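Here is the structure we will look at, set down as structure tokens.
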Amino acid sequence: MPEGPSILILKELVQQFKHKTVAEATCNNKSLDASLLVDKRIIDFKSWGKHFLICFPKFTVRIHMMMFGTYRINTHTAKPPRLGLRFTDDTELNFYACQLQLITEPLDKAYDWQADIMSDHWSSRKAIKKMKADPDLLVCDALMDQHIFSGVGNIIKNEALFNARIHPESLVSALPPKKLTEMINEAVKYSFQFLEQKQAGTLKKNWKAYHKKECPRNHVPIIRKDTGKSHRTSFYCEVCQKLYK
DNA sequence: GGTCTTGTTCAGGA
DNA sequence: ATCCTGAACAAGAC
């Protein structure tokens with residue numbers, strides 16, 4: 001479910017609930033007092049990277065799908081939802097296996113919109129500035145850092161690095177400026193391709209490195225390795241993805 | 001049926 | 001204090 005583009009799809013699908021009033025709310029753990037939502041009206045849905053935000057007049061409910069989160073619209077599963085919302089017209093919206101958090105401060109204070117890679121407010125310049133603050137930063141960790149590239153997950157990381165021909169263990173500080181810009185541009189570009197391909201049901205078949213056996217450019221084996229401080233798996237071609245160090 | 005994983009936080013040890 | 005590791009959580013795909 002996660003990665004930024006999937007949250008944009010969710011946001012699109014729930015537009016039907018905008019301006020509706022919650023008639024009944026349940027939460028199957030202690031992370032949120034669901035009674036706070038009853039009789040409250042949803043004024044908007046927003047997102048920040050992988051965060052999905054349900055905005056009420058005086059607070060926002062933050063939903064993070066983590067690895068396995070799911071949702072059901074106007075239906076439900078056998079298990080009680082982490083967050084279940086029923087509206088006054090008997091429609092329903094249910095979230096499972098997700099992390100909930102109540103945000104009471106203004107959203108502009110809680111979020112740096114310029115860090116959201118798929119937002120209109122995205123700023124490459126600011127991302128570069130953040131990356132330059134750490135001279136030992138590897139590109140694989142930089143792309144996975146939600147404060148720098150909010151919305152990027154392991155799939156986007158691997159595909160963007162493949163497209164930019166950059167080895168995941170390259171040092172950000174060793175990349176020529178044009179190459180760093182190229183990496184960022186590929187991350188943004190692939191994020192929007194991810195969105196289109198996911199909607200078309202063609203996401204997996206378009207992967208060039210992620211979970212692939214061989215490089216589509218030269219047919220040498222794709223390397224699979226635990227990389228960086230984040231210890232997330234990278235998939236890359238040793239031949240066409242250059243290691244900058 | 002076992003393994004893997006589109007993610008993050010936190011406790012505890014070095 | 002700081003860095004690092006493993007645990008915890010949770011569920012569908014293969």
Side-chain angles (χ1 to χ4, degrees), chain A residues 1-13 27-32 47-53 61-72 75-84 94-103 110-112 115-118 133-138 140-163 168-169 186-213 222-236:
Chain A
M1 165 73 232
E3 301 218 22
S6 300
I7 300 303
L8 291 189
I9 291 171
L10 165 61
K11 194 161 69 174
E12 188 64 35
L13 291 173
C27 175
N28 74 345
N29 73 2
K30 289 187 154 186
S31 62
L32 181 75
S47 62
W48 180 80
K50 300 166 187 173
H51 294 200
F52 176 63
L53 306 167
V61 175
R62 188 194 98 173
I63 299 181
H64 196 306
M65 296 297 193
M66 307 302 282
M67 291 267 248
F68 316 118
T70 55
Y71 56 87
R72 292 290 187 280
T75 182
H76 49 266
T77 68
K79 289 188 178 180
R82 174 60 40 83
L83 177 64
N94 300 295
F95 297 92
Y96 305 85
C98 56
Q99 189 185 80
L100 303 177
Q101 194 176 310
L102 191 71
I103 300 176
Y111 290 110
D112 173 9
D116 182 352
I117 195 156
M118 300 186 75
D134 179 0
D136 301 320
L137 185 64
L138 301 183
C140 59
D141 287 326
L143 284 168
M144 293 295 278
D145 187 330
Q146 299 302 297
H147 298 293
I148 307 175
F149 294 99
S150 175
V152 171
N154 210 22
I155 297 173
I156 296 172
K157 174 195 84 180
N158 282 296
E159 292 296 300
L161 289 175
F162 179 83
N163 290 337
E169 293 176 309
E186 288 297 342
V188 174
K189 190 169 89 184
Y190 182 72
S191 295
F192 285 97
Q193 288 173 346
F194 182 125
L195 173 60
E196 284 178 22
Q197 291 169 9
K198 177 117 183 160
Q199 286 170 322
T202 58
L203 183 66
K204 276 190 189 185
K205 79 169 192 189
N206 282 296
W207 286 338
K208 296 180 202 147
Y210 184 74
H211 276 285
K212 299 303 282 189
K213 284 271 181 287
I222 287 283
I223 307 296
R224 174 192 182 123
K225 186 183 175 190
D226 181 300
T227 53
K229 288 185 180 175
S230 55
H231 291 288
R232 298 300 300 277
T233 306
S234 286
F235 298 84
Y236 58 95

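Since we're looking at a predicted model, the values are computed, not measured. Protein chains get the first letters and strands the later ones, always in sequence-line order, with residue 1 at the start of each.
- The two residues A:Asn94 and A:Pro81 come nearest to each other via the heavy atoms OD1-CG, 3.7 Å.
- Considering only residues two or more places apart in sequence or on other chains, A:Gln99 meets the side chain to side chain donor-acceptor pair (under 3.5 Å) condition with A:Arg62.
- Toward the 5′ end of DNA chain C lies the nearest nucleotide of A:Lys79, the other residue of the pair A:Lys204 and A:Lys79 mapping further downstream.
- With sequence neighbours excluded, the residues satisfying side chain to side chain contact (heavy atoms under 4.5 Å, CB included) with A:Ser31 are A:Cys27, A:Asn29, A:Arg82, A:Leu100.
- An OP1 or OP2 oxygen of B:dT6 is reached within less than 4.0 angstrom by no side-chain nitrogen or oxygen of A:Lys50.
- The ring pair (Phe, Tyr, Trp, His ring centres under 6.0 Å) search around A:Phe149 returns A:Trp122, not counting sequence neighbours.
- Partners of A:Tyr210 by ring pair (Phe, Tyr, Trp, His ring centres under 6.0 Å), not counting sequence neighbours, listed by chain and number: A:Trp207, A:Phe235.
- C:dA7 and B:dC4 have their P atoms separated by 15 Å, given to the nearest Å.
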Problem - Pairing pattern in dot-bracket form [Watson-Crick, G-U; both distances under 3.5 Å; | = partner strand] for DNA chain B - result: .||||.||||||||
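- The nearest whole Å value for the distance from the CZ atom in A:Phe235 to the C1' atom in B:dC4 is 10 Å.
- Checked against salt bridge (charged side-chain N to carboxylate O under 4.0 Å, His left out), A:Lys229 has no partners two or more places apart in sequence or in another chain.
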Exercise for the section: Give the B/S/- string for nucleotides 9-14 of chain B, one per nucleotide from 5' to 3', where a protein heavy atom under 4.0 Å of the base yields B, of only the sugar-phosphate yields S, and otherwise -. Expected result: ------
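- Not counting sequence neighbours, A:Phe162 has no partner by the ring pair (Phe, Tyr, Trp, His ring centres under 6.0 Å) test.
- Checked against ring pair (Phe, Tyr, Trp, His ring centres under 6.0 Å), A:His76 has no partners two or more places apart in sequence or in another chain.
- Nearest-nucleotide assignment on DNA chain C puts the 5′-proximal partner with A:Lys229, out of A:Tyr96 and A:Lys229.
- Contact footprint of chain A on DNA chain C: nucleotides with an atom under 4.0 Å from a non-hydrogen protein atom, first to last in 5' to 3' order, C:dC4 to C:dC14.
- Checked against salt bridge (charged side-chain N to carboxylate O under 4.0 Å, His left out), A:Asp141 has no partners two or more places apart in sequence or in another chain.
- Here A:Lys225 pairs with A:Glu169 under the salt bridge (charged side-chain N to carboxylate O under 4.0 Å, His left out) rule; sequence neighbours left out.
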